[in-house]
> 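Provided herewith is a single structure, encoded as structure tokens, for subsequent inquiry.
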There are 2 protein chains.
Amino acid sequence: MEKIESVLSFIVEIEKLKGVLRKTRPCALPRYENSAEHSWHVCLCALMLKDFADDTIDIDRVIRMLLIHDLGEIDAGDTIIYASETAENKAKEEAGVKRLLGLLPDGQGDEYLVLWQEFELGETPDAIYARAIDRIPPLLHNLHGDGHSWRDNNVPKEKVFGLNSRIEKGSKDIWRVLKGKLEEAVDAGLLN
Amino acid sequence: MEKIESVLSFIVEIEKLKGVLRKTRPCALPRYENSAEHSWHVCLCALMLKDFADDTIDIDRVIRMLLIHDLGEIDAGDTIIYASETAENKAKEEAGVKRLLGLLPDGQGDEYLVLWQEFELGETPDAIYARAIDRIPPLLHNLHGDGHSWRDNNVPKEKVFGLNSRIEKGSKDIWRVLKGKLEEAVDAGLLN
């Protein structure tokens, strides 16, 4: 019974991710996205695009990775990716993930900490694919939303093409499609 | 390339789930929950409580089931569970799920429609467990939130105990813990 109580306290605590706001607005909505609904969305992106991964991946591991990949933001907050992948910020996120997973009983959280670290390192096929997928929704938000986040945060096209070429490492085909859309956005003046 | 375009159109369309509001407020927040962030939350609930399932389950199937279980609400809207499990509403949801999954290429959506139907029927061990887990967050929201949704919707304790005993079908131990908390809520006057 005590173990169940511990898991329930974890379940309540991670709800705070619903209050962490990101830097883009969903295609359908006038408000900013939060990191919990983003986590759901990327899981379904990963699932439905799995056949386009260039390497052999374990999609169920990828989904678990994506379910937990943003938990560190509960303590560290969300920062725009074009400025935020600093060692200091990552250390803050890792401490937060450890705190949260530490609420689980019997060291049950250990395997998820390892999975979170694997995602952050981005070196295994599963992590490379997961990180590629994680880039797709914000690109679609900008492409369908008049480039609002690029504009609001003064992100030049070189940075957008540079950072998002991470998608290519996971899937050349998906990157080809999205790169074409980005080039159209440049032509249309959404991205400068 | 065309197949990827089709999946991207699915990814954009399902974002609308972020705009479907539910009837409870998350523990940490003053606003109502949406069905997309709920879907993320129940996936992690299911994962972290999997060892308490009474039957043998395939947790990866359960997670896929929970990722898609609310997609029908995009077209049908969310309705409070104490009043909503009608044939008419379920038919509307199923039509919505078919429309959305139909956006995927090559009949890729068929296996997810079958999974959604399995969840709705609630007869297999995976579906029984998934449906048990789906009840947990709204209970916690009420227990940590002064019974707001029970009160706002005039839900009597008999209905709360009756419908949520669905949890017992998936896990006697989890139900024992939550039933105890509900009894405390009755004693504290949160639930009448």
Side-chain angles (χ1 to χ4, degrees), chain A residues 1-8 10-19 26-31 33-45 47-49 51-52 59-61 63-64 66-68 71 74 104 108-109 112 136-137 140-141 143-144 171 173-174 176-178 180-181, chain B residues 1-5 7-8 10-19 26-31 33-45 47-49 51-52 59-61 63-64 66-68 70-71 74 104 108-109 112 136-137 140-141 143-144 171 173-174 176-178 180-181:
Chain A
M1 297 302 104
E2 258 178 52
K3 290 185 189 180
I4 291 174
E5 290 279 2
S6 300
V7 181
L8 294 180
F10 171 82
I11 289 170
V12 168
E13 186 66 14
I14 63 169
E15 281 223 280
K16 291 179 180 164
L17 197 61
K18 298 175 184 174
C27 300
L29 292 169
R31 59 159 178 83
E33 178 177 55
N34 71 62
S35 294
E37 61 195 0
H38 159 73
S39 297
W40 164 78
H41 200 210
V42 286
C43 285
L44 275 181
C45 291
L47 183 60
M48 298 311 180
L49 288 167
D51 295 341
F52 301 101
I59 186 62
D60 296 310
R61 283 191 85 241
I63 288 173
R64 291 183 190 203
L66 288 169
L67 283 173
I68 61 163
L71 285 182
I74 288 174
L104 294 167
Q108 188 189 329
Y112 299 101
I136 295 175
L140 294 174
H141 295 164
L143 290 166
H144 288 260
S171 168
D173 285 342
I174 296 174
R176 197 171 306 134
V177 171
L178 286 167
K181 290 180 185 294
Chain B
M1 297 303 105
E2 257 179 54
K3 290 185 189 180
I4 291 173
E5 291 279 2
V7 181
L8 294 181
F10 171 82
I11 289 170
V12 168
E13 187 67 13
I14 64 169
E15 281 223 282
K16 291 178 180 165
L17 197 61
K18 298 175 183 174
C27 299
L29 292 170
R31 60 161 178 82
E33 178 178 55
N34 71 62
S35 294
E37 60 194 0
H38 160 73
S39 297
W40 163 78
H41 201 210
V42 286
C43 285
L44 275 181
C45 290
L47 183 60
M48 298 310 180
L49 287 167
D51 295 340
F52 301 102
I59 186 62
D60 296 312
R61 283 190 86 240
I63 288 173
R64 290 182 190 203
L66 288 170
L67 283 173
I68 61 164
D70 272 346
L71 284 182
I74 288 174
L104 294 168
Q108 187 190 331
Y112 299 101
I136 296 176
L140 294 175
H141 295 164
L143 290 167
H144 288 260
S171 167
D173 285 343
I174 297 174
R176 198 171 306 133
V177 171
L178 286 167
K181 289 180 186 295

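The sequence lines fix the lettering, A, B, ..., with proteins before strands; numbering per chain opens at 1.
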> Side chains of B/V177 and A/E5: closer than 4.5 Å at any heavy-atom pair?
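Heavy-atom side-chain distance check passes, below 4.5 Å.
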> Would you check if B/Y112 and B/L71 make a side-chain contact, meaning some heavy-atom pair closer than 4.5 Å?
no
> With only heavy atoms counted, which part of B/L66 is less than 4.5 Å from chain A, the side chain, the backbone, both or neither?
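Neither part.
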> CD1/B/I14 to CD1/B/I68 distance, rounded to the nearest 0.5 angstrom?
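The CD1 atom of B/I68 is 10.5 Å from CD1 of B/I14, to the nearest 0.5 Å.
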> In terms of heavy-atom pairs under 4.5 Å with chain A, which of B/D173, B/L104, B/L8, B/I59 leads?
B/D173
> How close do A/I63 and A/C43 get, counting heavy atoms only, and between which atoms?
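Smallest interatomic distance, heavy atoms only, reads O-SG, 3.8 Å.
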> Spell out, as yes or no, whether a donor-acceptor pair under 3.5 Å connects the side chain of B/E15 to the backbone of A/P26.
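Absent.
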> Identify which of B/L17, B/L47, B/I174 forms the greatest number of heavy-atom pairs closer than 4.5 Å to chain A.
B/L47
> Please state whether the side chain, the backbone, both or neither of A/D51 comes within less than 4.5 Å of a heavy atom of chain B.
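Neither; nothing under 4.5 Å.
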> Please identify, among B/R64, B/H41, B/K16, the residue contributing the most non-hydrogen atom pairs under 4.5 Å to chain A.
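Highest number of pairs under 4.5 Å: B/H41.
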> Side chain, backbone, both or neither: which part of A/E33 has a non-hydrogen atom closer than 4.5 Å to chain B?
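Just its side chain gets close to chain B.
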> Between A/H38, A/H141, A/R176, A/E13, who has the most heavy-atom pairs with chain B when the cutoff is under 4.5 Å?
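Top option by heavy-atom pairs under 4.5 Å: A/H141.
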> Tell me, out of A/S171, A/G109, A/P137, A/C45, who's got the most heavy-atom pairs with chain B below 4.5 Å.
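With the most close heavy-atom pairs to chain B, the winner is A/C45.
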> If you count heavy-atom pairs under 4.5 Å with chain B, which of A/V12, A/I4, A/N34 comes out on top?
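Option with the top pair count is A/I4.
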> Given a strict heavy-atom distance threshold of 4.5 Å, which part of B/L140 is in contact with chain A: side chain, backbone, both, or neither?
side chain
> With a 4.5 angstrom heavy-atom cut-off, which part of A/L29 approaches chain B: side chain, backbone, both or neither?
side chain
> Evaluate the side-chain proximity of B/D70 to B/V42: yes if any heavy-atom separation is below 4.5 Å, no if none is.
no
